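Input: a single structure, listed below in structure tokens.
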Amino acid sequence: MWKCYLVLACAVLTLTLSARNNGNGGDGDLSLWIDEQQVKMFSGFAMEIYAIVDGKVLPYILDPNFEKYLPIIPSEAGYVNLTWKSGTKKYYYNFDRLQSFNEDVLASPVISIKTKGRVPRRPKVFSVLLPCNGNRSGIAAFSIGLLIETRKGKPLPGTPLRLRLRKECAERGPDPECDKKCANGGWCNKDKICQCQEGYLGPYCKAALCYPQCMNNGNCTAPGVCSCPEGYQGRHCEGGICAEKCQNGGKCIQKDSCECPKGYYGLRCEFSKCSIACLNGGRCRGVNKCRCPPGFLGNHCEIGRHIAPGSSCAKACGHGRCAADNTCVCDAGWFGRYCYQRHPHKRKHHDSHTTESSSEVDLEEGRIRHRV
């Protein structure tokens, strides 16, 4: 499961940058995201989380296990703000599902816009309200369904979205000793209840939020900061530490576990799939297939010559060498861009020599027959 967490984290960060580069103005195609301030409220650090970019639903949103990768929405957050825009194209939406599966804890979600309508052309914020009933404390599951169609009535691929999320509800009463118990910069309000700084939650602000959640049993010790157990590293404890170094370009991804490049296998990528070793600096890329350095060809990089430092001929020089100006310098008797053609006079000389030799043989055979 750690791979799914890592993919989610990388996808969020990559697509945030991508969307910023494309701009969130009126141009472009349909996009839907949670803004930085809202995510900061949940996780303690600002970043945008995208669900749709340029008219495409992101793959990690469609993952059936998506809900498991997200932290529980804290009791302090009574709503989630979303931003969307359609750009130059027309899209129509329908929130066809707003349901709580634990109504004794959480009432059904409510949106701040009409359940049906047209997606606005320019970026506009709307809210999904998550009203706790106040009768019980606990964690409630809820579902949001969203269908998006083009003006021709065709559903956007990946929709309707069926998101199942979780929300914490906590019944809190005044605490006379609130002033002494609020932690991590929290303060006691007039109702004698702790108000927490962004990135912290709980009755006395003692719990920190990390998004994505800390992996491999790591602990969230501060907003966005994970303390990793022995054998793991990375911002979310997603990377492993290998006691023995991975070989042949392998990467340590889990504790004492290497991810091997193509053509290699084994706990440390120490075994090659090439039964015949790659020659001249080549690297195994599959079963008995080598990726050759410039200047060499063949399944095992056995054909060609070393290219001079600083040069880079497009192909291996067949009967010559690659010079510093990226051209082939041919051996005597050969010519052409890559030295694969033989000079005609050399061939004629060879052919003439062969003909003379054949005539001498024929003449000698004639003499033998005459004697007989």
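From a predicted model like this one, the values you see are computed outputs, not experimental measurements.
- The sulfur atoms (SG) of C339 and C330 lie less than 2.5 Å from each other.
- With hydrogens and angles ignored, the 3.5 Å screen pairs a side-chain donor or acceptor of S100 with a backbone N or O of L106.
- Here the straight-line distance linking atom CD1 of I113 with atom NZ of K124 works out to 7.5 Å at 0.5 Å rounding.
- Here the side chain of Q99 pairs no donor or acceptor atom with the backbone of R97 at under 3.5 angstrom.
- Checked by atom type and distance alone, the side chain of K85 never pairs as donor or acceptor with a backbone atom of V119 at under 3.5 Å.
- Heavy atoms only, all atoms of each residue included: Y92 and R151 are closest at CE1-CA, 3.7 Å.
- Aromatic ring orientation, W84 versus Y93: tilted (interplanar angle from 30° to 60°).
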Exercise for the section: Would you check, one step at a time, whether the test side-chain contact (heavy atoms from CB on, under 4.5 Å) holds for I144 with L98? Expected result: CA-CA 5 Å; I144 298 176; L98 294 165; 4.2 Å; yes

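- In terms of heavy atoms, L267 sits closest to E270 at N-OE1, 3.6 Å.
- Scanning both residues, P123 and W33, for their nearest heavy atoms gives CB-CH2, 4.3 Å.
- A salt bridge links D179 with K192: at least one charged nitrogen is closer than 4.0 Å to a carboxylate oxygen.
- Here the two cysteines C274 and C284 have their SG atoms closer than 2.5 angstrom.
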Exercise for the section: Evaluate the side-chain contact (heavy atoms from CB on, under 4.5 Å) criterion for residues R283 and Y264: first the C-alpha distance (whole Å), next the side-chain angles of each, then the deciding distance (0.1 Å), finally the verdict. Expected result: CA-CA 10 Å; R283 294 186 64 83; Y264 296 92; 4.1 Å; yes

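- L32 and L30 fall within the same hydrophobic cluster, where Ile, Leu, Val, Met, Phe, Trp and Tyr residues are linked whenever their side-chain heavy atoms come under 4.5 Å apart, directly or through other members.
- Linking Ile, Leu, Val, Met, Phe, Trp and Tyr residues whenever their side-chain heavy atoms come within less than 4.5 Å places L161 and F126 in a single cluster.
- Looking at every heavy atom in both residues, Y91 comes nearest to G55 through OH-CA, 4.4 Å.
- Hydrophobic cluster membership differs between F296 and L279, with clusters built from Ile, Leu, Val, Met, Phe, Trp and Tyr side chains linked at under 4.5 angstrom.
- Note that the CG atom of N81 and the CG atom of L129 stand 9.0 Å from one another [nearest 0.5 Å].
- More than 12 heavy atoms of other residues, nucleotides or ligands lie within 6.0 Å of CD1 in I111, so this atom counts as buried by the packing criterion.
- Under the 3.5 Å distance criterion, with hydrogens and angles disregarded, no donor-acceptor pair is assigned to the side chains of N288 and K273.
- Summarising the geometry of C194 relative to K181, their closest heavy-atom pair is SG-C, 4.5 Å, with the distance given to 0.1 Å.
- What you find for I241 and C252 is that their closest heavy atoms are C-SG, 3.5 Å.
- The CD atom of E244 sits 9.0 Å away from atom SG of C258, with the distance rounded to the nearest 0.5 Å.
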Practice task
Applying side-chain contact (heavy atoms from CB on, under 4.5 Å), run through I148 and I52 and close with a yes or a no.
Solution key: CA-CA 11 Å; I148 298 179; I52 303 174; 3.8 Å; yes

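- Judged by distance alone, with hydrogens and angles left aside, the side-chain atoms of S127 form no donor-acceptor pair with the main-chain N or O of S112 at under 3.5 Å.
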Exercise for the section: Test side-chain contact (heavy atoms from CB on, under 4.5 Å) on C246 and K251 and set out the steps. Expected result: CA-CA 6 Å; C246 301; K251 295 181 180 179; 5.9 Å; no

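- Remark: C269 SG to C260 SG, distance under 2.5 Å.
- Hydrophobic clustering, with ILVMFWY side chains joined whenever heavy atoms are under 4.5 angstrom apart, groups Y50 together with I34.
- Heavy atoms from other residues, nucleotides or ligands lying under 6.0 Å from NZ of K90 number 12 at most.
- Of the two cysteines examined, C301 and C290, the SG atoms fail the criterion of being under 2.5 Å apart.
- Between C188 and C178, a gap of under 2.5 Å is found separating the two SG atoms.
- The OG atom of S86 sits 7.5 Å away from the CZ atom of R121 when rounded to the nearest 0.5 Å.
- At least one donor-acceptor pair closer than 3.5 Å links the side chain of N102 to the backbone N or O of A141.
- The SG atom of C196 sits 8.0 Å away from the CH2 atom of W187 when rounded to the nearest 0.5 Å.
- To the nearest 0.5 angstrom, S272 atom OG is 11.5 Å from R285 atom CZ.
- A salt bridge does not link D54 with K89: none of the charged nitrogens is closer than 4.0 Å to a carboxylate oxygen.
- Hydrophobic clustering (side-chain heavy atoms under 4.5 Å, transitive across Ile, Leu, Val, Met, Phe, Trp, Tyr) groups L163 together with V128.
- Per the SG-SG cut-off, C292 and C278 are not bridged by a disulfide [distance not under 2.5 Å].
- Listed for the N189 side chain is a donor-acceptor partner under 3.5 Å among the backbone atoms of D191.
- Within the 4.5 Å cutoff, side-chain heavy atoms of Y200 are placed close to those of P223.
- The SG atoms of C226 and C237 do not lie less than 2.5 Å from each other.
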